[in-house]
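Report on one structure; see the data block that follows.
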Protein chains: 2
Amino acid sequence: MENIATIFSQLEPALLEEITANGVIKTIPAGEILMRTGQFIKSTMLVLEGSIKVFRENEDGGEFLMYYLQPGEACALSIICAAKSEASQIMAKTVEETTVLMVPLGMIDKWMLEYKSWYHFVLSTYRNRFDELLNLIDQVAFRNMDERLDFYLKRHAKINNTNTIALSHQQIAEELNSSREVISRLLKKMEQRNMVILHRNAIELI
Amino acid sequence: MENIATIFSQLEPALLEEITANGVIKTIPAGEILMRTGQFIKSTMLVLEGSIKVFRENEDGGEFLMYYLQPGEACALSIICAAKSEASQIMAKTVEETTVLMVPLGMIDKWMLEYKSWYHFVLSTYRNRFDELLNLIDQVAFRNMDERLDFYLKRHAKINNTNTIALSHQQIAEELNSSREVISRLLKKMEQRNMVILHRNAIELI
DNA sequence: TTTTATTTGTAACTCAAGTCACCAATCCCC
DNA sequence: GGGGATTGGTGACTTGAGTTACAAATAAAA
């Protein structure tokens, strides 16, 4: 794992020291649920390594994808909920082994006043999540499933920095709140158009 | 119009004085566009009276509703964009004659450090908008049009504190990104189930 | 009072996408 | 290697909702 100062290079040195002093580094195995619908949140997390999936669970247990948290990012919701100690609407879980830095909620308010770089970091966290949600609304409100699938695959490839998506059709269907058959059909069409090559548990982008 | 101190009673007196000193009160006629997609934002707004519709415009000019800003609320986006001076993804316009207090963006950052009540106000503005977007995603991703229509009518009634919605089917269709015929059909069904009474340009909730 | 524009009602059609049913291929583990 | 589990392919059917087309009702304007 890289150094905290490298991952959060935009934060000023004095703040990084405080973060190191007050935060607890925790490594979480893949697939662990970090936040459950309706759960009370008592600390925020900065992602150091790995990746966290933020999603909404529907009635059938499908995990409708909202966005991913990557190293160098923080959970906007935990910061927001902090202020109100209100129930969160969404869930979060690790997709791979993930190292996070847990920061007590009290520190967040304190640092906002003391460190300009923290203030800007928190605001930009909000803004990025806000944008991400606007984008998601765009997708579900205006796009058809074929466009959404295409967008999903490309984003997934970009985030993981590879052009092979190692997911089953079922998993993709759940993240897009669709059904396996629909995704299989659309992927077949994409293959016929030479946009992808299909393998078992893997989709290769061309 | 009520007093600023009454509308924003959660803000501390010293801050209210500063707001009055630095802000400009502006009354805007109904239907005026306050923020256009891609436009640069140079000041934030606190709503004193009236109401502002925040929406996304689709290709055909339909105004897909995101949420309404009411007296006592502020535009979260303008605050977010402020920090980054980035283009906004969405549009805003007055639905009726609206009085706002324009505050230069520079003040926002300044007050965050100086006034705890401002800090909490801004954060709660973010959180409320975030919640609103999550709710919207819920609607478009998981609900059918009949449920969305029902939800829409009830919310509209609640906001305007009346059980008569003074809108044409066409207007409703645009805000839900649907078509007039679909809304007419669904409303007819609701009337048959004794959920509403239909009038010209008005829908009465029972 | 005509004329015109707006609003609403409805039937018929189309299409995207979800569901059902079933099968084949592949993997995994005992 | 055999048997169950997971994954993927495909046809047939259903449904929600958008589209086309047209008519009736009402309001607004001339």
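Per chain, numbering begins at 1; letters A, B, ... match sequence-line order.
Taking atom CD1 of residue A:I183 and atom P of nucleotide D:dT6, one finds them 20 Å apart after rounding to whole Å. For the pair A:Q192 CD and D:dG9 P, the computed distance is 11 Å after rounding to whole Å. One interatomic measurement links the two molecules: CD of A:Q170 to C1' of C:dT26, which rounds to 17 Å at whole-angstrom precision. Protein atom NE2 of B:H169 is 13 Å distant from nucleotide atom C1' of C:dT10, rounded to whole Å. Between B:N144 atom CG and D:dT15 atom C1' there is a gap of 10 Å when expressed in whole angstrom units. Atoms CZ (B:R180) and P (C:dT6) sit 14 Å apart, rounded to a whole Å. If you take CG of B:L186 and C1' of C:dG9, they are 13 Å apart, rounded to a whole angstrom. Put simply, CG on A:L187 is 15 Å from P on D:dT7, counting in whole angstrom units.
In this structure, the nucleotide among D:dT10, C:dT8, C:dG18 sitting nearest to the side chain of B:S168 is C:dT8. Looking at the side chain of B:S179, the nearest of the listed nucleotides C:dA17, D:dT19, C:dT8 is D:dT19.
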Open item on the list: Working note: A:F121 + A:F8, criterion ring-ring contact (aromatic ring centres under 6.0 Å, His included); need CA distance, chi angles, decisive distance, verdict.
Closed with: CA-CA 9 Å; A:F121 174 69; A:F8 294 96; 5.7 Å; yes
- [ ] Dump the intermediate steps for ring-ring contact (aromatic ring centres under 6.0 Å, His included) on B:F142 and A:F64, then the final yes or no.
- [x] CA-CA 10 Å; B:F142 302 128; A:F64 180 62; 5.3 Å; yes
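Under a cutoff of 6.0 Å and an axis angle of 45°, B:R143 and B:F151 do not form a cation-pi pair.
Scanning all heavy atoms of the two residues, the minimum distance from A:E175 to A:Y68 falls at OE1-OH, 3.4 Å.
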All N/O donor-acceptor pairs, side-chain side in residues 199-206 of chain A, below 3.5 Å, sequence neighbours left out:
unit_1: A:H199; atom_1: NE2; unit_2: A:E204; atom_2: OE1; d: 2.8

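Checking side-chain atoms of A:T98 against main-chain N and O of A:E96 turns up a donor-acceptor pair under 3.5 Å. Side chain of B:N160 to main chain of B:I165: no donor-acceptor pair is present (N/O by atom type, distance under 3.5 Å, no hydrogens or angles). Judged purely by atom type and a 3.5 angstrom limit, A:S9 has no side-chain atom pairing as donor or acceptor with the backbone of A:A5.
The side chain of A:S178 contributes an N or O atom lying less than 4.0 Å from OP1 or OP2 of C:dG18.
Aromatic ring centres of B:Y126 and A:F130 lie farther apart than the 6.0 Å criterion allows.
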Close N or O pairs between protein and nucleotides 11-14 of chain C (under 3.5 Å):
unit_1: C:dA12; atom_1: N6; unit_2: B:R185; atom_2: NH1; d: 3.3

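Residues from residues 194-205 of chain A placing a heavy atom under 4.0 Å of any atom in DNA chain C, listed by number, are A:R200.
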